[in-house]
Participant: 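Can you keep this structure in mind? I'll have questions shortly.
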Amino acid sequence: MPTLYIDDKPHTVGDGLNLLEACLSLGFNVPYFCWHPALGSVGACRQCAVKSFQNEQDKRGRIVMACMTAASEGTRISLDDPEVKSFRAGVIEWLMTSHPHDCPVCDEGGECHLQDMTVMCGHNYRDYRFPKRTHRNQNLGPFINHEMNRCIQCYRCVRYYRDYAGGRDFDAQGSNSRVYFGRHQDGALESEFSGNLVEVCPTGVFTDKTQKSHYTRRWDLQTAPSICVHCGAGCNITPGERYGTLRRIRNRYNGEVNGYFLCDRGRYGYEFVNGGHRARVAMRRAEPGSLVPTAKPLALPRIGSLLAGGARCIGIGSPRASLESNYALRKLVGAENFFAGVTAAHQSLTELTVHLLERGPAQTPSMREMAQADAVLVLGEDLTNTAPRIALALRQSVLNAPMKAAASMGIPDWNDGALRVVLQDQKGPFFIAAPDATRLDDIATETFRAAPDDIARLGFSVAHLLDPKAPEVPGLDENTRQLADRIAKTLAAAERPLVVSGPSLGSASVLSAAAAVANALSTETRRAGLSLTAPECNTLGAGLLGGGTLEEAERALSEGGAELVIILENDLYRRADHVFVDKLLGAAKQVILIDHTLNRTASHADYFLPAATFAEGDGTLVNSEGRGQRCIQVFMPTGDVQESWRWLRDLGAAAGKWPQTEWENIDVIVADIAAAFPMLKGVRDAAPLASFRIAGFKIPRQSHRYSGRTAMRAKMDVSEPGIPTDPDSPLTFSMEGFAGPAPASLASFFWAPGWNSVQSINKFQEEIGGALMGGDPGVRLIAPELEPGRAEYPGAIPEAFAPRPGKWMVVPMYHIHGSDEMSMLSAAVAERAPAPHIALSPEDAQLLGLGEGEMAELNIDGEILVLQVAVHAALPKGVAGLPAGLPGMEPVEIPAWGAVARRVGS
Amino acid sequence: MAEFNQQSDPDKRPLTAKVQPDGRPLSLKDCEKAGGYRAVRAMLGGMSPGDVTQRVKDSGLRGRGGAGFPTGSKWSFVPMGDNAPRPKYLVVNADEMEPGTFKDRLLLESDPHQLVEGVIIAAYAIQADIAYIFLRGEYVLAEERLKTALAELRAAGLVGKNILGSGCSLEVHLHTSAGRYICGEETALINALEGRRANPRSKPPFPQVCGLRGKPTIVNNVETLCNLPHILNNGADWFKGLSLTPNGGTKIYGASGKVRRPGLWELPMGTPAREILEEYAGGMRDGMKLRAIIPGGASTDFLLESQLDVPMDFDTVAQAGSRMGTGTMIVLDDQTCPVGMVHNLMRFFAHESCGWCTPCREGLPWVEKILAAMERGEGQPGDLEQLARHVTALGMGLTYCALAPGAMEPLGSGLKLFRDDFERHIRDKRCPWS
């Protein structure tokens, strides 16, 4: 803990920081551009200049760059020295020589780091009188707007896009004052993480293109802390609303989870909240397939009397609904009548995931911990497409092993420029076993392409090599055995090895094999991590609540005498083929659907009750790490929209099951959940109680600059309505309230005087890039039961994959843009999704006489899909890939054997 | 060879001893007859790498690229021994792009074997496995001649595997630059060689430890390397004795501008500038007077006529307030606008900025535009203060590398020495020379 003297006053700072990090951590305002806490220092912009003195006697000093200078014991610097202040103002003046000063029409205006730094440095009059250089802008696709004239050449974009996120289709081009940041030609950015450019860019070069169609200044947005609902990683987000529509999603820093970055699905998938597929009033079926609005006070007693009528009612929950909503449904229908909303195949994988995480001894890591791994084995997942943010975290892990060598040369980990010189293309160990090429292959030490069973066999054999108590894999071929040996030796030698897997191949063997490897590494300590992805935002939460399968639900309706079914936030037609779902729904006398979006299931509903989306209600989600995190309502929805758990509360009351006062707010239902499910009791701490106040104040959702409060509704009514009440959180739908920092899980926005951009997060971290003050939000719900060395090795070792003549093992293939239900309702995301297709190896395509783009017929158990052929060079022979979850593709249970043939007549 | 016509004198002028009157290089055979590769043969016959480094240290040889860093000391930072990272690299900085500087071109075109012999010696001293000659792209004649020389050497077993049966191997590759001034900065050169943007690198790590592809790398200038065979052949004391001052050896000096005979001359290190200009360059053209010189390429301070008696070596010119740099003088006469001359230089530097750091990328174009405005008669009050502010703010340590501070040397000294001329441009709203 070195002591620094800043303008002659002593300050103690953390070890291993540079002066810029140290000063910002201490709360000083030091301007900067090229430095970014996740990207490190390169010394390009020269904005963070400070005066450095050799000792107390040195009065002259010399100017150094804070970001390039270690904060070592006894360092003496001045931030206020007139010479250095003048230099910093001069740097801004240089940057401004070609900046267009178009703030009033710039989307970044009001949350622009360049604006903030300009004000901070005191530069207010420009002497430059010559023409500004101008650039041509590019069309970078549906996500990012490009306006190069605003560029100040800080190089952050290219360092983020290429060095951090591994993108290759974007670069710095040209030289001198005409340096240009873009693609070689117009076209959509290929990186799955391109949206972060919006936040990485300190000014308005890269802005959110989706926000443009309903633009609102940051200060006019109503915001609240929320959680992304587009996969199971649980990234923290800040959605922003105005006039009842969601305007954008911004990253919400959580040091343990997503840090500074989101994926593009998470950032751009939000439009379903505003979309035309929403229904905002209760509806009932008038004639088959047609829903008409009905008054809530009429609908509730009718459904209530159905429920009270004595007929058996079952509930079908959902992995995309909150813990509270699933629990409320389970409570309403009873545990024996509660079904988890997925098929047996998926439910068993979720149950296995929960079991493996609960048993251990390997521990599941946070994303921060994943990025710190020094050897990684990915088993069966194309992470960039199944848990994108985890893939971005893992991309950083390959720097850890070579970074040790850099440390031995005295290069600190923040000195990114020097590190890249030392590291060159060295990468730490990273093994990927997957059926097809993945978007992390470029960092892989070795890749292994195989069918799911062979991937599992590789995993089991690694486990056996690490711990002889793990079962041996019979009949392993020599190449796989040698690869297993290399992987085992590498993982054994690592300090923080990590195994990542998940259910996306639909293989319990792959999951068990991954756990076996991680557990075999945990014979002495819990050094190994085991991360298992979760397909949906609350897969793990729903999994912890348990429940029957969809097949069982169907039997309950067709054979078990159940007459009513309440379906919670679930389009069953995405879960199983239409024959099965038709049968299930047809067997019910009454179908009650609670959802926010009108989907195919809704067309079979007798009653449709409009649910709140994540932005319109409160709820808790459990991510793949087992972290319970709270979504807080961003804005008050219109019509009858309310949280599903409130609809279920109302239905229970209407049926006379409980009083109308049941679950008066989220804290009450959370307490119920904690009492009913002891392992979930931690969710009580996911956010402070609704009664929480700071100095008697609630926490505002609107900034103190929120404009037009009295004018917004004036065209409808000149009298200003009262502030809506929020029974569920200490937040208020107002600009009034406590003006200081709120606890991290309640911070509706991060703002500090002089810091209007996303960089304001500096003021809310315990140390720059570290935990949020008071701790990062979320509660880890799962801790492994088994002690190190007590590993169990469940799961049967499958037979080696054997191709069958005329048949293909069809495995699911996930797409970041395409596989997720809700984000595909956003036009921008849908534009980036692939068309339905079947992926074949070149050898198989040739065998079938099929070329790229030709039409093929896939027959799985009599289910016939007509698909375009896509030839994938990396696929092994005998394995075919089918996109998962694409709209317009009938869901089929895969992996399964299927027959592929040229489409007759094509 | 208009620019070089000294007589061959191996004792006094070793670097140009093998330069033929027609400027064509000797074949390998003729070169060896004239003493070429004698040093390499002797070295491989009985000197250790440490011996070579020590001899070069003893000779006091300093880098001829402009900075004057002692060559032997630079080599001694390279990790040696069995545990040293491999491969190690020797890189020849033949990216001669300093305005007014054309000395390496003479050596490259007229005696490529001398350079390669120096390469083999330096590579042996640091035990490099691979050498690159990073050649300025426009030097097409040098490229052709180096290619021929390297082909001869490969055929003769003087480069490649197991040189002359010594067990030592050295691959020598010729790389022609895509052409940026910044590639003369050794770490930007290394980046360019790796196929990256030619931006200077963060230091530390220094290239001697972590350079090309992260491996130990020495980057030496052409003229520096050309001295090595002679130091090995004749010894450190002989080398020191060539010089008039403690900075040993000879130096290839040059002069450009309105002198009678612009050109290059190999002379004892420390030859006074006046002697070079008057005796060798023949003085000023008729009717012209010398006002000042820029002693060593564009990025050095002006010296006035009254300072011309300064011996041209690294230490003495520095004492006079400038730098010897490359030792190739640009002469300013009394009929040329000093503002125009500085503007011309600033246009070059602004264009050649790599664009990495703000002061250089944004400051140099601003300076250039002010000077252009002054030349057009559009200078304004305050412009000189703005220029002076840039001279300070683009100083060493404030920018990422030495390009902008180097550019400020002629501007800063020009502003001081030719203040009246700058002020007249603004006052009269025109260039007095136009």
Side-chain angles (χ1 to χ4, degrees), chain A residues 33-34 41-47 49 52 62-65 68 83-84 86-87 89-99 127-131 133 152-155 158 171-180 402 405-406 409-411 415-426, chain B residues 85 180-182 187 190-191 194 196-207 209-215 349-366 368-370 372-373 378 380 382-383 385-386 389-390 392-401 403-404:
Chain A
F33 291 109
C34 65
S41 305
V42 290
C45 73
R46 319 307 276 181
Q47 186 61 69
S52 162
R62 68 186 179 96
I63 291 177
V64 299
M65 300 306 134
M68 297 296 279
E83 191 195 355
V84 79
S86 153
F87 180 78
V91 173
I92 291 277
E93 185 169 15
W94 280 322
L95 295 174
M96 284 293 178
T97 54
S98 284
H99 189 75
D127 285 321
Y128 181 79
R129 64 176 190 273
F130 302 105
R133 58 117 178 82
I152 57 162
Q153 291 87 23
C154 70
Y155 289 83
V158 66
D171 212 338
Q173 294 159 58
S175 66
N176 60 46
S177 64
R178 299 206 53 85
V179 177
Y180 186 89
M409 294 176 74
I411 309 291
N415 191 342
D416 190 63
L419 273 181
R420 304 268 165 196
V421 168
V422 177
L423 265 47
Q424 295 281 315
D425 297 324
Q426 294 179 71
Chain B
R180 298 298 296 184
Y181 172 65
I182 193 63
T187 58
I190 289 171
N191 270 337
E194 288 181 7
R196 298 171 200 265
R197 291 177 63 77
N199 296 338
R201 288 179 170 181
S202 177
K203 285 168 281 197
F206 290 93
V209 180
C210 183
L212 185 61
R213 303 187 188 104
K215 303 296 183 195
F349 287 117
H351 184 262
E352 293 303 323
S353 167
C354 78
W356 177 247
C357 76
T358 307
C360 177
R361 183 186 64 241
E362 310 294 344
L364 290 176
W366 193 351
E368 187 275 322
K369 287 188 175 81
I370 291 174
E378 294 167 11
Q380 291 183 3
D383 278 355
E385 289 68 27
Q386 190 62 260
R389 185 178 78 83
H390 276 80
T392 310
L394 268 57
M396 200 60 98
L398 302 178
T399 56
Y400 195 81
C401 79
L403 187 147

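First the proteins, then the strands, lettered A, B, ... as listed; each starts at 1. None of the values given here were measured: they were computed from a predicted structure.
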Participant: Name the member of A:I152, A:V422, A:I411, A:V42 that forms the most heavy-atom pairs with chain B at distances under 4.5 Å.
Facilitator: A:V42
Participant: Determine the option with the most heavy-atom pairs under 4.5 angstrom with chain B, choosing from A:S41, A:G43, A:P131.
Facilitator: A:G43
Participant: Just so I understand: if I count every heavy-atom pair under 4.5 Å between each of B:P205, B:P204, B:A373 and chain A, which residue has the most?
Facilitator: B:P205
Participant: Below 4.5 Å, heavy-atom pairs only: which of B:C357, B:A198, B:A372, B:G211 has the largest tally toward chain A?
Facilitator: B:C357
Participant: Taking every non-hydrogen pair under 4.5 Å, which of B:P359, B:C354, B:C360, B:G395 racks up the most with chain A?
Facilitator: B:P359
Participant: Quick one: sort the B:W356 and A:Y155 rings into parallel, tilted or perpendicular, breaks at 30° and 60°.
Facilitator: tilted
Participant: Side chain, backbone, both or neither: which part of B:T399 has an atom under 4.5 Å from a heavy atom of chain A?
Facilitator: backbone
Participant: Side-chain contact test, heavy atoms from C-beta onward, threshold under 4.5 Å: evaluate it for B:L394 versus B:L364 and give yes or no.
Facilitator: yes
Participant: Using a 4.5 angstrom heavy-atom cutoff, name the option from A:G410, A:G174, A:G90, A:A406 with the most pairs to chain B.
Facilitator: A:G174
Participant: Could you check which of B:G363, B:S353, B:A350, B:G397 has the highest count of heavy-atom pairs closer than 4.5 Å to chain A?
Facilitator: B:S353
Participant: Pick one of side chain, backbone, both or neither for A:F87, based on which atoms fall under 4.5 Å of a heavy atom in chain B.
Facilitator: side chain
Participant: Assess the residue pair A:V421 and B:C210 against the criterion (side chain to side chain contact (heavy atoms under 4.5 Å, CB included)); give the C-alpha distance rounded to whole Å, side-chain angles, the decisive distance to 0.1 Å, and a yes or no.
Facilitator: CA-CA 7 Å; A:V421 168; B:C210 183; 4.0 Å; yes
Participant: May I ask you to decide if B:H351's main-chain N or O and A:N176's side chain share a donor-acceptor pair within less than 3.5 Å?
Facilitator: yes
Participant: Would you mind telling me which of A:R129, A:Q426, A:R62, A:Q47 has the largest number of heavy-atom pairs within less than 4.5 Å of chain B?
Facilitator: A:R129
Participant: When you look at B:R201 and B:E194, which way does the salt bridge (Lys or Arg N to Asp or Glu O under 4.0 Å) test go after all the steps?
Facilitator: CA-CA 12 Å; B:R201 288 179 170 181; B:E194 288 181 7; 2.8 Å; yes
Participant: Is there a side-chain contact between A:Y128 and A:W94, using heavy atoms and a 4.5 Å cut-off?
Facilitator: no
Participant: Heavy atoms only, distances under 4.5 angstrom: which of B:T187, B:I190, B:I370 has the most pairs with chain A? Name it, please.
Facilitator: B:I370
Participant: Relative to chain B, which segment of A:A49 carries a heavy atom at a distance below 4.5 Å: side chain, backbone, both, or neither?
Facilitator: neither
Participant: If I measure from the heavy atoms of chain B, does A:D425 come under 4.5 Å with its side chain, its backbone, both, or neither?
Facilitator: side chain
Participant: State plainly whether the residues B:R389 and A:E93 are in salt-bridge range, i.e. N to O under 4.0 Å.
Facilitator: yes
Participant: In terms of heavy-atom contacts, does CZ of B:R213 have more than 12 from other residues, nucleotides or ligands at under 6.0 Å?
Facilitator: yes
Participant: I need the A:S177 OG to B:E368 CD distance, nearest 0.5 Å.
Facilitator: 9.5 Å
Participant: Taking B:Q386, B:E362, B:R361 one by one, which has the highest count of heavy-atom pairs under 4.5 Å against chain A?
Facilitator: B:R361
